[in-house]
Engineer: 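Sending over a structure as structure tokens; questions will come in a sec.
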Amino acid sequence: MKKIEIADKVLVEKINALPKDEMAVFVMADGRIRGALFHGTRFVNQMRAQHNLGILESLVLGQASLCAALMIPLMKGQEHLCWKYDVDGPAAGFSIEADSTGYVRGFLYNEHIPVDKPLENWDLKPFLGTGSMSVSRIHKEDSAPHISTVEVNSGNIAEDLAWYYKQSEQISTAFNTGIQFDRQGRVIGAGGMFLQVMPETGGKNNSGASKSSSSDAEADGQFLARVEMAFKTAPSLGQWFSEGGKIEDIVYGLFREFTPSVALRRDIRYDCPCSEETFANYIKMLPKQERDDILRKKEPLEIQCRNCGSVYTISVEKLQQ
């Protein structure tokens with residue numbers, strides 16, 4: 001990827017004053033709940049710079065990219081996924097890829113979303129509408145991706161992704177993203193969080209009885225309700241990180257009742273493995289007639305990577321090598 005530098009000096013100064021982008025993966029309640037909290041202010045700004053997006057477009061693709069980043073710690077082994085979100089609203093949807101090595105890339109189907117009147121709030125439902133989403137996953141040893149598709153209609157990207165996990169994987173999961181803009185439309189804070197309820201393992205309780213009694217089920221329901229309430233009372237993550245808020249204060253403060261513990265920290269970046277060499281090799285593999293038509297023009301070929309916005313100018317001489 002050709003990394004586009006952020007030209008806005010005021011924004012750069014603001015970003016540099018914040019804690020670094022980082023994801024903390026944590027567990028709590030003796031392993032019953034797992035989660036991750038991601039500070040992604042630089043991440044979203046890099047995404048925006050790569051695609052040269054407006055405010056509304058940055059909000060849509062930013063929320064989607066933050067959610068995709070949160071899917072990385074849920075991967076098993078070496079895994080790559082592609083999340084396609086197809087809806088009938090003006091935004092049309094997006095395609096996002098995430099890789100277990102720690103990068104996210106993607107694009108909007110409509111990078112210039114039509115707006116009839118000034119935005120009164122950040123509700124995306126009028127721009128998303130209804131449709132479906134699919135997640136295709138492929139592991140290193142797979143010969144073909146595994147694809148799951150669900151219908152979506154909430155108008156909320158994070159809620160739709162939680163619905164996917166509930167329907168497709170039968171796991172209760174919650175996602176929360178936040179992007180803070182200043183009065184000039186700069187992204188000055190961004191972050192995301194997920195929690196996931198791990199299945200009970202069964203066994204015996206202290207009295208030797210099975211854990212499937214009605215009293216145990218009631219107690220478990222009350223426990224999960226408390227976890228949900230704590231999750232819902234989280235501050236706006238975009239605002240939190242824009243004000244220099246720390247990951248630790250949310251994990252160990254918001255969820256202190258459940259004895260959380262950060263298991264690992266990792267870097268997540270908005271990046272793309274594309275390169276001039278990759279596209280040159282692709283062109284060389286085209287059918288002979290198509291390749292000859294390109295070479296006959298004797299002009300450099302300009303190619304833009306849709307996933308990251310990088311533009312490569314490839315000479316005819318390089319294609320003949």
Engineer: Which distance, rounded to the nearest 0.5 Å, do you find between the NZ of Lys166 and the OG of Ser172?
Structural biologist: 3.0 Å
Engineer: Any salt bridge between Arg105 and Asp271, counting N to O under 4.0 Å?
Structural biologist: no
Engineer: Strictly by modelled atom types, are Asp86 and Ser132 linked by a side-chain donor-acceptor pair under 3.5 Å?
Structural biologist: no
Engineer: Not counting sequence neighbours, which residues clear side-chain contact (heavy atoms from CB on, under 4.5 Å) with Ile294? List them please.
Structural biologist: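 Per chain and number, Ile294 pairs via side-chain contact (heavy atoms from CB on, under 4.5 Å) with Ile283, Leu286, Leu301, Leu319.
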Engineer: Report yes or no: does Ser242 contribute a side-chain atom to a donor-acceptor pair with the main-chain N or O of Gly189 at less than 3.5 Å?
Structural biologist: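 Checked: no pair found.
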Engineer: Test of understanding: clusters of I, L, V, M, F, W, Y form through side-chain heavy atoms closer than 4.5 Å, transitively. Do Leu70 and Val25 belong to the same one?
Structural biologist: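 The answer is yes; both residues are in one hydrophobic cluster.
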Engineer: In Å and rounded to the nearest 0.5 Å, what is the CZ to SG distance from Arg306 to Cys274?
Structural biologist: 14.5 Å
Engineer: Are side-chain heavy atoms of Leu59 and Leu53 found at a separation under 4.5 Å?
Structural biologist: no
Engineer: Which pair of heavy atoms, one from Pro145 and one from Ser136, lies closest together, and at what distance?
Structural biologist: CB-CB, 4.2 Å
Engineer: So does Gln184 have more than 12 non-hydrogen atoms from other groups sitting under 6.0 Å from CD?
Structural biologist: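 Atom CD in Gln184 is crowded, with more than 12 foreign heavy atoms closer than 6.0 Å.
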Engineer: Determine whether more than 12 heavy atoms belonging to other residues, nucleotides or ligands lie under 6.0 Å from atom CD of Glu141.
Structural biologist: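 For Glu141, atom CD is crowded (more than 12 foreign heavy atoms under 6.0 Å).
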Engineer: Examine the side chains of Thr149 and Ser134 and answer whether a donor and an acceptor come within less than 3.5 Å of each other.
Structural biologist: no
Engineer: Val150: which residues meet the side-chain contact (heavy atoms from CB on, under 4.5 Å) condition with it, sequence neighbours left out?
Structural biologist: Met133, Val152, Trp163, Tyr164, Gln167
Engineer: More than 12 non-hydrogen atoms from neighbouring residues, nucleotides or ligands closer than 6.0 Å to CD on Gln170, yes or no?
Structural biologist: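 Yes, the 6.0 Å shell around CD holds more than 12 heavy atoms from other groups.
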Engineer: Not counting sequence neighbours, list each pair that qualifies as a side-chain hydrogen bond (donor to acceptor under 3.5 Å, both in side chains) and has a residue in residues 249-258.
Structural biologist: Arg226-Glu257
Engineer: Between Asn110 (side chain) and Pro90 (backbone), is there a donor-acceptor pair under 3.5 Å?
Structural biologist: yes
Engineer: Just so I know, are the side chains of Cys272 and Glu97 near enough to count as touching, which here means a heavy-atom distance under 4.5 Å?
Structural biologist: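 With C-beta onward as the side chain, the pair stays apart.
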Engineer: Does Tyr165 have any ring-ring contact (aromatic ring centres under 6.0 Å, His included) partners at least two apart in sequence or in another chain, and if so, which?
Structural biologist: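 Per chain and number, Tyr165 pairs via ring-ring contact (aromatic ring centres under 6.0 Å, His included) with Phe175.
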Engineer: Output all residues satisfying ring-ring contact (aromatic ring centres under 6.0 Å, His included) with Tyr85, sequence neighbours left out; order by chain, then residue number.
Structural biologist: Phe94
Engineer: Using atom types as modelled and distance alone, determine if a side-chain donor or acceptor of Gln63 lies under 3.5 Å from a backbone N or O of Ala158.
Structural biologist: no
Engineer: Using 0.5 Å steps for rounding, measure from the CD1 atom of Ile314 to the OH atom of Tyr282.
Structural biologist: 12.0 Å
Engineer: Does Ile147 sit in a hydrophobic cluster with other residues, and if so which ones, taking ILVMFWY side chains as linked at heavy-atom separations under 4.5 Å, directly or through other members?
Structural biologist: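 None; Ile147 is a cluster of one.
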Engineer: So among Asp99, Thr101, Asp142, which one has a side-chain hydrogen bond (donor to acceptor under 3.5 Å, both in side chains) with His80?
Structural biologist: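 In the set Asp99, Thr101, Asp142, the residue that makes a side-chain hydrogen bond (donor to acceptor under 3.5 Å, both in side chains) with His80 is Asp99.
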Engineer: I'd like to know if Lys318 and Glu277 make a salt bridge, using a cut-off of under 4.0 Å between side-chain N and carboxylate O.
Structural biologist: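 Yes, Lys318 and Glu277 are salt-bridged.
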Engineer: Supply the atom-to-atom distance Glu299 CD to Thr313 OG1, rounded to the nearest 0.5 angstrom.
Structural biologist: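 The CD atom of Glu299 sits 12.0 Å away from the OG1 atom of Thr313.
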Engineer: Give a yes or no on whether the backbone of Ser58 and the side-chain of Arg48 come within a donor-acceptor separation of less than 3.5 Å.
Structural biologist: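 Checked: no pair found.
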Engineer: Say you draw a straight line from CG of Leu254 to NZ of Lys232; how long is it, rounded to the nearest 0.5 Å?
Structural biologist: 13.5 Å
Engineer: So with a 6.0 Å cut-off around NZ of Lys2, is the heavy-atom count from everything else above 12?
Structural biologist: yes
Engineer: Under the ring-ring contact (aromatic ring centres under 6.0 Å, His included) rule, collect the residues that match up with Phe231, sequence neighbours excluded.
Structural biologist: none
Engineer: When Ile, Leu, Val, Met, Phe, Trp and Tyr are grouped by side-chain heavy atoms lying under 4.5 Å apart, directly or through other members, which residues fall in the same group as Ile138?
Structural biologist: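 Its cluster partners, ordered by chain and number, are none at all.
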Engineer: Report yes or no: do His39 and Thr41 form a side-chain donor-acceptor pair below 3.5 Å?
Structural biologist: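 A pair is found: one side chain offers a donor N or O, the other an acceptor, under 3.5 Å apart.
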Engineer: What pairs of donor and acceptor atoms, side-chain ones from residues 190-198 against any protein atom, are under 3.5 angstrom apart with sequence neighbours left out?
Structural biologist:
| from | atom 1 | to | atom 2 | distance (Å) |
| --- | --- | --- | --- | --- |
| Gln196 | OE1 | Arg34 | NE | 2.9 |
| Gln196 | OE1 | Arg34 | NH2 | 2.7 |
| Gln196 | NE2 | Thr173 | OG1 | 3.0 |

Engineer: Whether the Gln78 and His139 side chains hold a donor-acceptor pair (N or O, under 3.5 Å, no angle test) is what I'd like checked.
Structural biologist: no
Engineer: Please, which pairs that meet side-chain hydrogen bond (donor to acceptor under 3.5 Å, both in side chains) have at least one residue in residues 112-123, sequence neighbours excluded?
Structural biologist: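 Residue pairs passing side-chain hydrogen bond (donor to acceptor under 3.5 Å, both in side chains), neighbours aside: none found.
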Engineer: Counting N and O atoms only, with roles assigned by atom type, does the side chain of Gln50 sit under 3.5 Å from a partner on the main chain of Ile4, one being a donor and the other an acceptor?
Structural biologist: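 A pair under 3.5 Å: yes.
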Engineer: Using atom types as modelled and distance alone, determine if a side-chain donor or acceptor of Lys125 lies under 3.5 Å from a backbone N or O of Asn153.
Structural biologist: yes
Engineer: Are Val60 and Phe107 in one and the same hydrophobic cluster, where Ile, Leu, Val, Met, Phe, Trp and Tyr link if side-chain heavy atoms are under 4.5 Å apart?
Structural biologist: no
Engineer: Before accepting this row, confirm whether a basic side-chain N of the pair Arg265/Glu248 lies closer than 4.0 Å to the acidic partner's carboxylate O.
Structural biologist: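 A salt bridge is present here (some side-chain N lies under 4.0 Å from a carboxylate O).
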Engineer: Looking at every non-hydrogen atom in both residues, tell me the closest pair between Ala91 and Tyr109 and how far apart they are.
Structural biologist: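 Closest heavy-atom pair between Ala91 and Tyr109: O-CB, 4.3 Å.
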Engineer: Using side-chain contact (heavy atoms from CB on, under 4.5 Å) as the criterion, list what pairs up with Ser65, not counting sequence neighbours.
Structural biologist: Phe43, Met47, Leu61, Ile96, Val104, Tyr270
Engineer: Would you compute the distance between atom CD of Glu13 and atom CG of Asn16 and round it to the nearest 0.5 angstrom?
Structural biologist: 8.0 Å
Engineer: Restricting to side-chain contact (heavy atoms from CB on, under 4.5 Å), what partner residues turn up for Arg266, sequence neighbours left out?
Structural biologist: Met23, Ile72, Leu264, Ile268
